[in-house]
Enquirer: 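Mind looking over this structure? Questions follow.
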Amino acid sequence: MPRVITIDPGKSKCGLVLAEISEKKVYKAIILKSELLENYVRHLIAAEDISQIIIGNGTTSIEIREKLYFFKKEIITFEEKNTTYRAKARYFELFPISGLKFLIPREVFILNKNLDAISALIILEDYCKTKFTFNQNIDFKTWQK
């Protein structure tokens, strides 16, 4: 089945999600330095059947789109307004607080979290107008450095 890549672009880092739209499943979710994005996408395209790339229309989206010139299929630029803000709430849907941690303010748990991959997930979910599940236990804070 063809898969889709969704990117939350940024100046220094990007969030990236690899998902299967028909199954509504996420297979990869990572954060990577922006300068590594082009090579990482090339690697994914060589290993996976990628049907399209969806890029959030925020910071550096034009530059990212130009870097992905080699992708000969559809590249879509899609609205990403408030995805970083919304990623905080989605984080707790994905990783609910349990036990005595429930008594601690939620904000404490995401102070130093990189939510770029969750922002990419939100762009994908907004584009598809549905929530996605995970093929396996995915760590949205994984860095590709």
Enquirer: Restricting to side-chain hydrogen bond (donor to acceptor under 3.5 Å, both in side chains), what partner residues turn up for Ser22, sequence neighbours left out?
Expert: Glu20
Enquirer: Quick one: are Thr84 and Leu115 in side-chain contact, heavy atoms under 4.5 Å?
Expert: no
Enquirer: Among Ile122, Ile123, Leu124, which residue satisfies the side chain to side chain contact (heavy atoms under 4.5 Å, CB included) criterion with Asp126?
Expert: Ile122
Enquirer: Working to the nearest 0.5 angstrom, can you tell me the gap between Leu18 CG and Tyr40 OH?
Expert: 7.5 Å
Enquirer: Which residue pairs satisfy the salt bridge (charged side-chain N to carboxylate O under 4.0 Å, His left out) criterion with at least one member in residues 40-62, sequence neighbours excluded?
Expert: Arg3-Glu48, Glu38-Arg42, Asp49-Lys73
Enquirer: For the residue pair Ile30 and Ala117, what are the closest heavy atoms and their distance?
Expert: O-CB, 3.5 Å
Enquirer: Of the non-hydrogen atoms in Ala87 and Ser119, which two are nearest, and what is the gap between them?
Expert: CB-OG, 3.7 Å
Enquirer: Report the residues that fulfil side chain to side chain contact (heavy atoms under 4.5 Å, CB included) with Ile62, sequence neighbours left out, ordered by chain and then residue number.
Expert: Glu66
Enquirer: Mind checking salt bridge (Lys or Arg N to Asp or Glu O under 4.0 Å) for Lys131 and listing every partner two or more places apart, or none if nothing turns up?
Expert: Glu93
Enquirer: Return yes if some donor-acceptor pair links the side-chain N/O of Thr6 with the main-chain N/O of Ile54 below 3.5 Å, else return no.
Expert: no
Enquirer: With heavy-atom distances below 4.5 Å as the criterion, would you say the side chains of Ser34 and Thr60 are in contact?
Expert: no
Enquirer: Which residues satisfy the side chain to side chain contact (heavy atoms under 4.5 Å, CB included) test with Asn57, sequence neighbours excluded?
Expert: Thr77, Glu79, Glu80
Enquirer: Starting at OG of Ser12, measure out to CG of Asp116 and round the result to the nearest 0.5 Å.
Expert: 8.0 Å
Enquirer: Enter the distance from Ile5:CD1 to Phe71:CZ here, rounded to the nearest 0.5 Å.
Expert: 6.5 Å
Enquirer: Contact between Lys67 and Val41 at the side-chain level, heavy atoms closer than 4.5 Å - yes or no?
Expert: no
Enquirer: In chain order, what residues pass the salt bridge (Lys or Arg N to Asp or Glu O under 4.0 Å) check against Arg65, with sequence neighbours excluded?
Expert: none
Enquirer: Could you measure the distance from the CD atom of Glu125 to the OG1 atom of Thr130? Nearest 0.5 Å is fine.
Expert: 7.5 Å
Enquirer: If you apply the rule side chain to side chain contact (heavy atoms under 4.5 Å, CB included), what do you find for Phe132 with Val17, and how did you get there?
Expert: CA-CA 11 Å; Phe132 278 67; Val17 166; over 6 Å; no
Enquirer: Quick one: are Tyr127 and Ile76 in side-chain contact, heavy atoms under 4.5 Å?
Expert: yes
Enquirer: Just how far is it from atom CD1 of Ile50 to atom CD1 of Ile45, taken to the nearest 0.5 Å?
Expert: 6.5 Å
Enquirer: Output the distance between atom CG (Asp8) and atom OG1 (Thr83), rounded to the nearest 0.5 Å.
Expert: 5.0 Å
Enquirer: Same cluster or not: are Tyr85 and Phe78 linked, directly or through other Ile, Leu, Val, Met, Phe, Trp or Tyr residues, by side-chain heavy atoms under 4.5 angstrom apart?
Expert: no
